[in-house]
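Heavy atoms only: backbone and side chains are in, while hydrogens, waters and symmetry mates are out. The chains referred to below are lettered A, B, ... by the order of the sequence lines, with proteins before strands, and numbering in each begins at 1.
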Amino acid sequence: MPELPEVETIVRALREGRGDIPSVKGRKIAAAWLFWQRTLQHPSAEEFLAAIPDQVISQVTRRGKLIWFHLTRSHLFLHLRMSGDVRVEPMVWGGDQSPTAQKHDRLVIGFSDGWGMYFNDTRKFGRAWLVNNPDLVIGNLGLEPLSDEFTAGWLYRNLQQSNRQIKTLLLDQTFLAGLGNIYTDEALHLAKIHPNRIASKIDANASRALWHSIREVLKSGIDSHGASIDWVYKGGDFQNKFRVYRRTGLPCPECGSVIQRILVGQRSTHFCPLCQPIL
DNA sequence: CCTGAAACCTGTCTGC
DNA sequence: TGCAGACAGGTTTCAG
């Protein structure tokens with residue numbers, strides 16, 4: 001479920017509590033259990049399990065699509081990738097000194113108060129890092145699209161410097177951090193720009209429209225608590241506001257034309273052939 | 001510099 | 001009912 005609005009929704013819940021997820025701020029970690037080795041990207045399992053006890057979560061924030069836990073002595077990052085999710089609930093002990101886990105639980109962070117934070121990830125693409133230097137994880141990320149640094153002028157200047165297809169560029173996390181397949185398609189439709197357009201050929205007016213659209217779509221997604229699709233992630237309802245994403249064959253909300261699906265950079269791409277001409 | 005293919009994974013849905 | 005194939009919110013790596 002992982003694009004900026006979905007991750008932001010989860011981060012806010014982990015920070016302040018919401019629905020089924022209570023705040024984890026201030027909780028002290030007692031131990032951790034790793035059920036799928038490759039979920040832990042860094043460091044080794046031995047180092048991780050030894051370093052994590054007794055650290056307190058002082059803050060929970062987001063950078064791009066990463067959940068960032070600020071700990072006493074280090075930083076814990078979680079990337080949900082395609083199917084990751086986080087639960088917080090009381091731990092129920094199994095017979096072997098480890099908490100009872102649900103199907104697809106890959107990592108459990110156990111707190112000293114008996115509660116646990118469960119990282120569930122069906123497809124096993126998700127990753128966790130424990131580092132002293134945050135830049136080892138987030139150092140190469142591009143601008144936050146909802147930050148003040150991301151201005152219309154910045155976008156236009158940088159589009160001018162790239163000969164890549166606009167959709168591919170927007171998905172590049174070293175360019176902008178947080179956009180994924182849903183919000184890229186939605187932003188391009190709102191801005192009336194064809195996903196195959198070459199970035200440097202987008203004029204100042206269209207660039208400004210894109211800048212505005214990216215921010216609008218992300219804010220709208222956050223307001224809706226993200227999008228819930230298939231069996232992954234629930235709680236959001238932005239899927240009811242999709243303009244083009246996964247609406248192949250259905251009418252464009254703006255002009256009624258039939259929404260088309262193409263592949264761009266190996267990703268399913270949905271657009272309106274009338275509203276978003278190739279030019 | 002840029003694109004495309006493949007890999008990493010499990011599950012669901014569609015069509016024959 | 002079975003089964004093959006397509007497809008899924010992401011990212012990395014490698015070939016050309």
Between [N] and [M], how far is it from one [atom1] atom to the other, in whole Å?
{"N": "dA6(C)", "M": "dA5(B)", "atom1": "P", "value": "14 Å"}
{"N": "dT13(C)", "M": "dC9(B)", "atom1": "P", "value": "15 Å"}
{"N": "dC3(C)", "M": "dC8(B)", "atom1": "C1'", "value": "24 Å"}

Which residue, Ile198(A) or Arg106(A), contacts DNA chain B at a nucleotide closer to its 5' end, judged by nearest heavy atom? Ile198(A)
How close or far is atom [atom2] of [N] from atom [atom1] of [X], stated in whole angstroms?
{"X": "Phe175(A)", "N": "dG10(C)", "atom1": "CZ", "atom2": "P", "result": "17 Å"}
{"X": "Gln266(A)", "N": "dA6(B)", "atom1": "CD", "atom2": "P", "result": "8 Å"}
{"X": "Gln41(A)", "N": "dT12(C)", "atom1": "CD", "atom2": "C1'", "result": "10 Å"}
{"X": "Asn196(A)", "N": "dT3(B)", "atom1": "CG", "atom2": "C1'", "result": "12 Å"}
{"X": "Lys201(A)", "N": "dC2(B)", "atom1": "NZ", "atom2": "P", "result": "13 Å"}
{"X": "Arg267(A)", "N": "dA8(C)", "atom1": "CZ", "atom2": "C1'", "result": "9 Å"}
{"X": "Arg246(A)", "N": "dA8(C)", "atom1": "CZ", "atom2": "P", "result": "6 Å"}
{"X": "Leu170(A)", "N": "dG10(C)", "atom1": "CG", "atom2": "C1'", "result": "16 Å"}

Side-chain N or O of [X] less than 4.0 angstrom from OP1 or OP2 on [N]?
{"X": "Gln165(A)", "N": "dC2(B)", "result": "no"}
{"X": "His79(A)", "N": "dG10(C)", "result": "no"}
{"X": "His104(A)", "N": "dG11(B)", "result": "yes"}
{"X": "Lys103(A)", "N": "dT10(B)", "result": "no"}

Do Asn120(A) and Asp105(A) pass the side-chain hydrogen bond (donor to acceptor under 3.5 Å, both in side chains) test, and can you show the C-alpha distance, the side-chain angles, and the key distance before you say yes or no? CA-CA 4 Å; Asn120(A) 186 281; Asp105(A) 280 346; 2.8 Å; yes
Starting the side chain at C-beta, find the nucleotide from [options] nearest to [X].
{"X": "Met82(A)", "options": "dA8(C), dC2(B), dT3(B)", "value": "dA8(C)"}
{"X": "Arg38(A)", "options": "dC8(B), dA5(B), dT10(B)", "value": "dC8(B)"}
{"X": "Thr168(A)", "options": "dA5(B), dC9(B), dT3(B)", "value": "dT3(B)"}

If you assign Arg261(A) and Gly180(A) each to the DNA chain C nucleotide with the nearest heavy atom, which residue ends up on the more 5' nucleotide? Arg261(A)
Whichever of Ser268(A) and Leu171(A) has its nearest DNA chain C nucleotide further upstream toward 5': Ser268(A)
Tell me, which of residues 119-140 of chain A have any heavy atom that sits under 4.0 Å from an atom in DNA chain C?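 Hits under 4.0 Å, by residue number: Arg123(A), Phe125(A).
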Does dG15(B) pair with anything, Watson-Crick or G-U wobble, both distances under 3.5 Å, and if so, with which nucleotide?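 dC3(C) - that is the nucleotide pairing with dG15(B), both distances being under 3.5 Å.
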What is the pairing partner of dA7(B), taking Watson-Crick or G-U wobble pairs with both distances under 3.5 Å in any strand? dT11(C)
For Asn181(A), report the nucleic acid contact type (base, sugar-phosphate, nothing); a contact means any heavy atom under 4.0 Å. sugar-phosphate
Pick base, sugar-phosphate or nothing for Tyr183(A), based on heavy-atom distances below 4.0 Å to the nucleic acid.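 Nothing, no nucleic acid heavy atom in range.
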With a 6.0 Å cut-off on ring centres, are Trp36(A) and Phe125(A) close enough? no
Tyr245(A) ring center within less than 6.0 Å of Phe271(A) ring center: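 Phe271(A) vs Tyr245(A): aromatic centres not under 6.0 Å.
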How far does NE2 of His189(A) sit from SG of Cys272(A), to the nearest 0.5 angstrom? 5.0 Å
Answer yes when Glu144(A) and Arg63(A) have at least one side-chain N-carboxylate O distance shorter than 4.0 Å, and no when they do not.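 Here Glu144(A) pairs with Arg63(A) in a salt bridge, since their nearest N and O are under 4.0 Å apart.
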So, is the end of the Arg62(A) side chain (NZ or CZ) under 6.0 Å from the ring centre of Trp68(A) and within 45° of the ring's axis?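 Negative - Arg62(A) is either too far from the ring of Trp68(A) or too far off its axis.
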If I compare all heavy atoms of Ser147(A) with all of Arg215(A), which pair ends up nearest, and what's the gap?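 Smallest heavy-atom distance, with atoms named: O-NH1, 3.1 Å.
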Applying the ring-ring contact (aromatic ring centres under 6.0 Å, His included) test to Trp33(A), which of Phe119(A), Phe48(A), Tyr118(A), Trp93(A) qualifies?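 With Trp33(A) as partner, ring-ring contact (aromatic ring centres under 6.0 Å, His included) holds for just one option, Trp93(A).
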Begin from the C-alpha positions of Ser74(A) and Gln55(A) and carry the test side-chain hydrogen bond (donor to acceptor under 3.5 Å, both in side chains) through to its verdict. CA-CA 8 Å; Ser74(A) 47; Gln55(A) 299 213 50; 2.9 Å; yes
